[in-house]
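See below for the structure under consideration.
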Amino acid sequence: MATSPVVPDPELVDDGTDSGRLDDDTGRLRIVAIVVAMVLLAEIVPFQLSMVGAALQKITKTFSDVGADINWAIILPGVVGAAVTPILGKLSDMWGKKRIFLVCAAFFLVGSLIDALTSNWWVFLIGRGLQAFSVAMSVISYGLVRDLLPRRYIPLALGVVASGVGFSAVIGPIVAGLLVDNFDWRAMFWFLVIYTAVTGALFIALVPESRLRLRQRIQPYGVLALALGMLATLIYVDKGHDWGWGRPTSLLWLLVGVVLIAAFYLIETRSSAPIMDMKLLLGPKMRWTLLMVLFGIGGFAVVPTATGYMTQTPDAEQLRQSVIEGAIAQAHRAAGVNLNPAAVHVTLDPGYHYGSGYGMLAYALHIGVMTGAVGMIFGPIAGLLARRIGARVPAVIACVVVALVAVGFALAVPHYSWVSFALLSAVFGIGFAFFYTAASVLIVDGVPEGQHGIGSGMLGAIMGLGTAIGTAVMTAFQAANPITAHIEVMGHAVTQPIPQVFADRGYVLTFWTMAGAVLIALVVALAMRHGRSPSSAGSTEP
């Protein structure tokens, strides 16, 4: 019978470079400067999410032939982020958190530059994959906060880091709207290139390096198996409707995915230098926290992407008129005939009830800014609650709020109005801020000092996986509920598929599914023992 190898305990050392934890006498101005510099650079993660997710409907004009697969602009970064974040988290413990933080920023900058320059779908996805390295920045920042700040500031600082200063969530959609509406979607990526360069210089100047180091080798094979397994599984979820869910060639993708995910566990438990400490991962604190995040995070990815798509879609009458104009133009090009619009009859099958026809800026001002403004207020509040009563209560509140919001969106679609979407998006901001703050505090309190990089890396991996799964589910529902236009001209009838517009049912099913997943996360949060006492800021061993 095979036995697992003895994995040597990692050795935590002080490398003597720069400074260690700041003491309580450190000026508040310096502490604020460090946190702000860290948050501003880490904001490239929610920046790109809020921008790209909201702009998908506009990006489809360049990649019109990919259909619902446009959502792989969100899915792929989730998969890549889930794969690289544990590795980068581990490396941040070994080589320095500031150093790896900047490496992530460099990958993001290169990926943004690629996307700003390309019109090729596959090259665009390569750029998005490189941008996904930035996902690790969010979780590495938790470790930097824990290593550098006086303990009494840590829960509040984590609340600020987790929800951001509100800059990206509030300003991001507005900046994207101005750029996309007045220039092109590529302008967003040029902005991200410049923003990363400027905030990276500020980060270098103001944030010291943690001097804690973990002496341990790493073997990446397990996490690579996990990434490939997730990719194969998500391809099955995404393309199952087109290929046939039960066809052997489709099921092969699912089988390969499951086998590779199982291989991840076997490799990590038998490795002498695992990326993920399975003992830590399967311990009660980490196990229940990560399970809650896995089920809860999909809703946080899907809601802003879906609402951005829906509000920027023209309403049914606008779409019908657009099809009529297209038919008239086609008749003129093909036969030189000038048709009377009254001679063209268009019926949409099925109809749909959402759509405001917004540009990016209108979406930002009506919908996107609501989530960001509310999240900016409630992130620090969640941090204060975690410091006083524990992080479990903010987690429970977040799950309740987001489950109700998902149900609200599901019920609102057949009776769509942008006002109802704006109000629900504002309430969603509360859940967003509480959930991210609670997750980060639970992780920081759940791992021993010196392993917060890998602990946060595990959190990043689960967030990436949950985001990819949620978006893949939405993609599958969209693909399964297309809209076609039946066009009749002087007794001649044709049927034309309408790209990038989907029936109500595709979104309603997505919102109900997300509500169900978040309710499972709520059950986990209610049952977990971890986080029931005031946050220790990571000062105690798990």
Side-chain angles (χ1 to χ4, degrees), residues 52-75 121 185 234-235 237-245 298-299 301-323 326 346-360 363 367 406-418 420-421 424-425 467-487 495-516:
V52 177
L56 279 183
Q57 202 270 346
K58 308 302 182 187
I59 295 174
T60 57
K61 295 177 181 179
T62 301
F63 307 114
S64 57
D65 57 334
V66 302
D69 286 343
I70 192 69
N71 289 318
W72 275 89
I74 304 297
I75 297 171
W121 172 241
W185 60 264
L234 290 171
I235 287 174
V237 172
D238 178 47
K239 304 300 292 182
H241 173 76
D242 297 332
W243 295 345
W245 298 104
V302 164
V303 166
T305 300
T307 54
Y309 216 111
M310 296 169 75
T311 52
Q312 292 177 72
T313 298
D315 65 32
E317 182 56 28
Q318 289 175 320
L319 179 62
R320 199 177 70 83
Q321 290 299 322
S322 178
V323 174
V346 174
T347 303
L348 300 179
D349 181 28
Y352 64 99
H353 299 87
Y354 63 88
S356 301
Y358 286 157
M360 274 285 293
Y363 160 76
I367 308 293
V407 171
F409 277 118
L411 296 175
V413 172
H415 313 286
Y416 171 81
S417 76
W418 74 263
S420 62
F421 269 37
L424 286 168
S425 294
T467 296
I469 291 173
T471 310
V473 167
M474 181 176 74
T475 303
F477 283 137
Q478 286 176 325
N481 292 276
I483 289 178
T484 57
H486 297 286
I487 307 170
T495 298
Q496 173 184 317
I498 303 297
Q500 310 305 332
V501 182
F502 309 99
D504 289 345
R505 178 178 169 82
Y507 291 108
V508 171
L509 288 174
T510 297
F511 289 129
W512 279 117
T513 302
M514 292 303 104

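In what follows, residues are counted from 1 in the order of the sequence shown.
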Tell me the closest heavy-atom pair linking Pro414 and Ala410, and the distance in Å. CD-O, 3.6 Å
For the residue pair Ala412 and Phe421, what are the closest heavy atoms and their distance? CB-CE1, 4.1 Å
Val346 side chain near Leu319 side chain, heavy-atom distance below 4.5 Å: no
Under 3.5 Å, is there a donor on one side chain and an acceptor on the other for Ser356 and Tyr416? yes
Residue Arg505 excluded, over 12 heavy atoms near CZ under 6.0 Å: no
First locate atom CD1 of Ile367, then atom CG of Leu424, and finally report the distance between them rounded to the nearest 0.5 Å. 9.0 Å
Would you compute the distance between atom OG1 of Thr305 and atom CE of Met310 and round it to the nearest 0.5 angstrom? 12.5 Å
Testing the basics here: between Ala515 and Val407, what is the closest heavy-atom pair and its distance to 0.1 Å? CB-CG2, 3.9 Å
Tell me, with the steps shown, if Tyr363 and Trp418 meet side chain to side chain contact (heavy atoms under 4.5 Å, CB included). CA-CA 9 Å; Tyr363 160 76; Trp418 74 263; over 6 Å; no
Minimum heavy-atom distance between Ala485 and Leu348, given as atom pair plus value: CB-CD2, 4.0 Å
Return the OG1 to CD1 distance between Thr484 and Ile498, rounded to the nearest 0.5 Å. 7.5 Å
Mind checking the CG-NE2 spacing from Asp315 to His353? Nearest 0.5 Å is all I need. 11.5 Å
Would you mind telling me which of Ile469, Thr467, Val473 makes a side-chain contact (heavy atoms from CB on, under 4.5 Å) with Thr471? Thr467
When rounded to the nearest 0.5 Å, the distance separating CD1 of Ile487 from CD of Gln496 is 4.5 Å
Check residues 507-514 and write down every donor-acceptor pair under 3.5 Å in which the side-chain atom is one partner and the other belongs to a residue at least two apart or another chain.
from: Tyr507; atom 1: OH; to: Gln478; atom 2: NE2; distance (Å): 3.1
from: Thr510; atom 1: OG1; to: Gly506; atom 2: O; distance (Å): 2.8
from: Thr513; atom 1: OG1; to: Leu509; atom 2: O; distance (Å): 2.8

Are any of the side-chain heavy atoms of Phe409 and Ser425 separated by less than 4.5 Å? yes
Could you go through the side chain to side chain contact (heavy atoms under 4.5 Å, CB included) check for Ile70 and Tyr309 one step at a time? CA-CA 11 Å; Ile70 192 69; Tyr309 216 111; 4.1 Å; yes
What are the two closest heavy atoms between Phe502 and Tyr354, and how far apart are they? O-OH, 2.5 Å
